[in-house]
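As the structure is a prediction and not an experimental result, all values here were calculated from the model. Sequence positions, counted from 1, serve as the residue numbers for this chain. Side-chain atoms are counted along with the backbone in the values below, which use heavy atoms only and exclude waters and symmetry mates.
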Amino acid sequence: MIVAPSGAGKSSLVNALLLEDPALKLSLSTTTRAPRLGEVDGKDYRFVTKEGFLAERDQGRFLEYAEVHGNFYGTSRAWIEAQMKTGRDVILEIDWQGAQQIRQIIPEVQWIFIFPPSFEALEERLRKRGQDDEATIQKRLAAAHLELGYAHEADFIVVNDDFEQALLDLRHIVAASRLRSGSSMARNPALLRRLGV
Ligand code: 5GP
């Protein structure tokens, strides 16, 4: 799980990571937020109405969901369960509320928190992006203060001051996660048999 305040540069880092590591899959979230310019339904998010979202929620279709900045966001239960069956490495780009829920359901999950180098940098990135109006930017900055308060619950902290360094840190975390005993053993059943483990 990758969690960060809006403007911390999370999506650029995740996109770079996905490009170089085809074994990683990004979970496609469902949201009631309106698409931003250039966002594509089915690629960036599944965009649905609030009524549609609530109906899916009531049918238990989300493994987790949360209201973030006034919109609903949720992770598909069926998709995650299918990935887990095949043993695929999955990235969830979600908020701290979703991360807390997932941790209850999948205790072995790794939670990575991305820090911006400063609040000034965060504000600058939100403005440069040019995708949100002033009220939205202020809402996101206020939410960032709250979100940062949950960083101590994460397993890893990556500071996105220098992009290349942050990407390198993420690569190391993914590599270390794959070497955790549970994941490693699940990938090597034949070796375990030969070693009598
Ligand atoms: P944005 O609207 O900027 O794309 O995302 C706003 C926030 O919602 C970000 O913190 C993002 O990580 C979070 N988010 C995106 N998808 C999900 C999801 O499926 N579940 C939860 N809980 N949060 C999500």
Do [X] and [Y] come within less than 4.5 Å of each other through their side chains, counting heavy atoms only?
| X | Y | answer |
| --- | --- | --- |
| S6 | R129 | yes |
| D161 | F115 | no |
| D44 | P35 | no |
| R33 | E39 | yes |
| E93 | K10 | yes |
| I80 | I102 | no |
| E164 | L168 | no |
| L63 | Q101 | no |

Starting from [Y], can I reach [X] by hopping between I/L/V/M/F/W/Y residues whose side chains sit under 4.5 Å apart?
| X | Y | answer |
| --- | --- | --- |
| W79 | I106 | yes |
| I112 | V159 | no |
| L28 | I94 | no |
| M84 | V90 | yes |
| F156 | L26 | yes |

Hey, what do you get for [atom1] ([X]) to [atom2] ([Y]), rounding to the nearest 0.5 Å?
| X | Y | atom1 | atom2 | answer |
| --- | --- | --- | --- | --- |
| Q100 | E64 | CD | CD | 11.0 Å |
| L167 | H172 | CG | NE2 | 10.0 Å |
| R125 | R140 | CZ | CZ | 15.0 Å |
| M1 | I91 | CE | CD1 | 12.0 Å |
| Y150 | D95 | OH | CG | 10.0 Å |

Taking side-chain contact (heavy atoms from CB on, under 4.5 Å) as the definition, give me every residue that meets it alongside [X], ordered by chain and number, with sequence neighbours left out.
| X | result |
| --- | --- |
| A82 | none |
| L141 | L122, E123, L126, I137, Q138 |
| Q104 | none |
| A143 | H69 |

Using side chain to side chain contact (heavy atoms under 4.5 Å, CB included), reason through I2 and L170 one step at a time and then give a plain yes or no. CA-CA 10 Å; I2 305 207; L170 281 180; 4.2 Å; yes
Apply side chain to side chain donor-acceptor pair (under 3.5 Å) to D41 and list each qualifying residue two or more places apart in sequence or on a separate chain.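 Once residues adjacent in sequence are excluded, D41 has no partner under the side chain to side chain donor-acceptor pair (under 3.5 Å) criterion.
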Using the test side chain to side chain donor-acceptor pair (under 3.5 Å), find all partners of E56 that sit at least two apart in sequence or belong to another chain.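 Scan of E56 (side chain to side chain donor-acceptor pair (under 3.5 Å), adjacent residues dropped) gives R46.
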Look only at the side chain of [X] and the backbone of [Y], and say whether a donor-acceptor pair between them is shorter than 3.5 Å.
| X | Y | result |
| --- | --- | --- |
| S177 | I173 | yes |
| E147 | W96 | yes |
| D155 | W111 | yes |
| N160 | A8 | yes |
| R103 | E153 | yes |

Below 3.5 Å, can you tabulate the donor-acceptor pairs from side chains in residues 12-20 to any protein atom, sequence neighbours excluded?
{"unit_1": "N15", "atom_1": "ND2", "unit_2": "S11", "atom_2": "O", "d": "3.3"}
{"unit_1": "E20", "atom_1": "OE1", "unit_2": "R171", "atom_2": "NE", "d": "3.4"}
{"unit_1": "E20", "atom_1": "OE1", "unit_2": "R171", "atom_2": "NH2", "d": "3.1"}
{"unit_1": "E20", "atom_1": "OE2", "unit_2": "R171", "atom_2": "NE", "d": "2.4"}

List in chain and number order the residues that pass ring pair (Phe, Tyr, Trp, His ring centres under 6.0 Å) with [X], two or more places apart in sequence or in another chain; answer none if no residue qualifies.
| X | value |
| --- | --- |
| F119 | H145 |
| Y65 | none |
| Y45 | F47, Y73 |
| F53 | F62, F72 |

Minimum heavy-atom separation for A151 and I157, please, with both atom names.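 Distance-wise, the nearest heavy atoms are O-CD1, 3.8 Å.
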Distance-only donor-acceptor pairs under 3.5 Å for side chains of residues 185-197, two or more places apart:
{"unit_1": "R187", "atom_1": "NH1", "unit_2": "R178", "atom_2": "O", "d": "3.2"}
{"unit_1": "R187", "atom_1": "NH2", "unit_2": "R178", "atom_2": "O", "d": "2.6"}
{"unit_1": "N188", "atom_1": "ND2", "unit_2": "S184", "atom_2": "O", "d": "2.9"}

